[in-house]
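Values reported hereafter were calculated over all heavy atoms of this structure, with side chains retained and with hydrogens, waters and symmetry mates removed. Order of appearance sets the numbers: ligands from 1, and atoms from 1 within every ligand.
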Amino acid sequence: MSINIAVDGPAGAGKSTISRGAAKELGFIYVDTGALYRAVGLNALRLGIDTKDAAKVGAALAGTEVELRFIDGEQRVFLNGEDVSEAIRAPEASMAASNVSAIPSVRSFLFELQRDIAKNNNCIMDGRDIGTVVLPGAEIKIFLTASPEERALRRYRELVAKDVPAEYEQVLEEMKQRDFNDSNRAIAPLKPAPDAVLVDTTGYALDEAIALVIKLIKERLD
Ligand code: DC
């Protein structure tokens, strides 16, 4: 039996950095499920499909293959055999991912893939609905939050560090828009599972937050 840890929360709460750090410490794999929605969103963008058009996005899934591979412990995401791990990080792929993630056929398309990985591996899986829908039986569930301003500042700094032109106000606006979309959609909205531990990372440096979450996990696994 594999051990599964579910980490959910809004964009910029530190899910990926914290989950990656904790997974490394525990010797688990880290699974970033947002990458799957981003790959489906990128696919729709490339096909010139309106990412809010459920019928068209759904129809395009038939000819689409999304796969996660773990190379030297690092997750890579493949779209129709092409490694799109970098391409999915473009800002337009973020909004496309948020749009396609509200489409039920997209969620069911990606569901088994996530479940299979969790069944076969000790993992920390992050996303929006991992504790509520994908892995309701996860041994530990964590819901990470931080204020929208702090989350936007983190995302803004990441973009600047990668030389991506960005404006803080715009990053904040887009983040609030995505929060709204992700929390208010009819299917699998972003919300804490009833048995999730809430961790607010506002005011924490990310290495402090990683240490906090590792401590919490170790206490619960003992
Ligand atoms: O974590 P992220 O920013 O890479 O996620 C991209 C989008 O995908 C996000 O706006 C919401 C969606 N998503 C989701 O609906 N369910 C998940 N388990 C993961 C991501």
Return the residue, atom name and 0.1 Å-rounded distance of the protein heavy atom closest to atom 8 (O) of ligand 1.
Tyr37 CB, 3.5 Å
Under 4.0 Å from any heavy atom of [X], which atoms of ligand 1 are there?
X      : answer
Ser101 : 11 (C), 12 (C), 15 (O)
Asp182 : 9 (C), 10 (O), 11 (C)
Arg38  : 2 (P), 3 (O), 4 (O), 6 (C)

Do ligand 1 and [X] have nitrogen or oxygen atoms that lie under 3.5 Å from each other?
X      : value
Arg178 : yes
Arg128 : yes
Asp129 : yes
Arg185 : yes
Gln114 : no
Arg107 : yes

Would you check if [X] and [Y] make a side-chain contact, meaning some heavy-atom pair closer than 4.5 Å?
X      : Y      : value
Leu144 : Ile142 : yes
Val133 : Phe111 : yes
Glu67  : Arg76  : no

Closest non-hydrogen contact found for Ala146 with Asp200 is CA-OD1, 3.6 Å
If you look only at pairs with a residue in residues 123-139, which of them pass as a salt bridge (Lys or Arg N to Asp or Glu O under 4.0 Å), with sequence neighbours excluded?
Arg107-Asp129, Arg128-Asp182
Just how far is it from atom CD1 of Ile130 to atom CG of Leu135, taken to the nearest 0.5 Å?
6.0 Å
So how far is it from Tyr168 OH to Leu153 CG, rounded to the nearest 0.5 Å?
6.0 Å
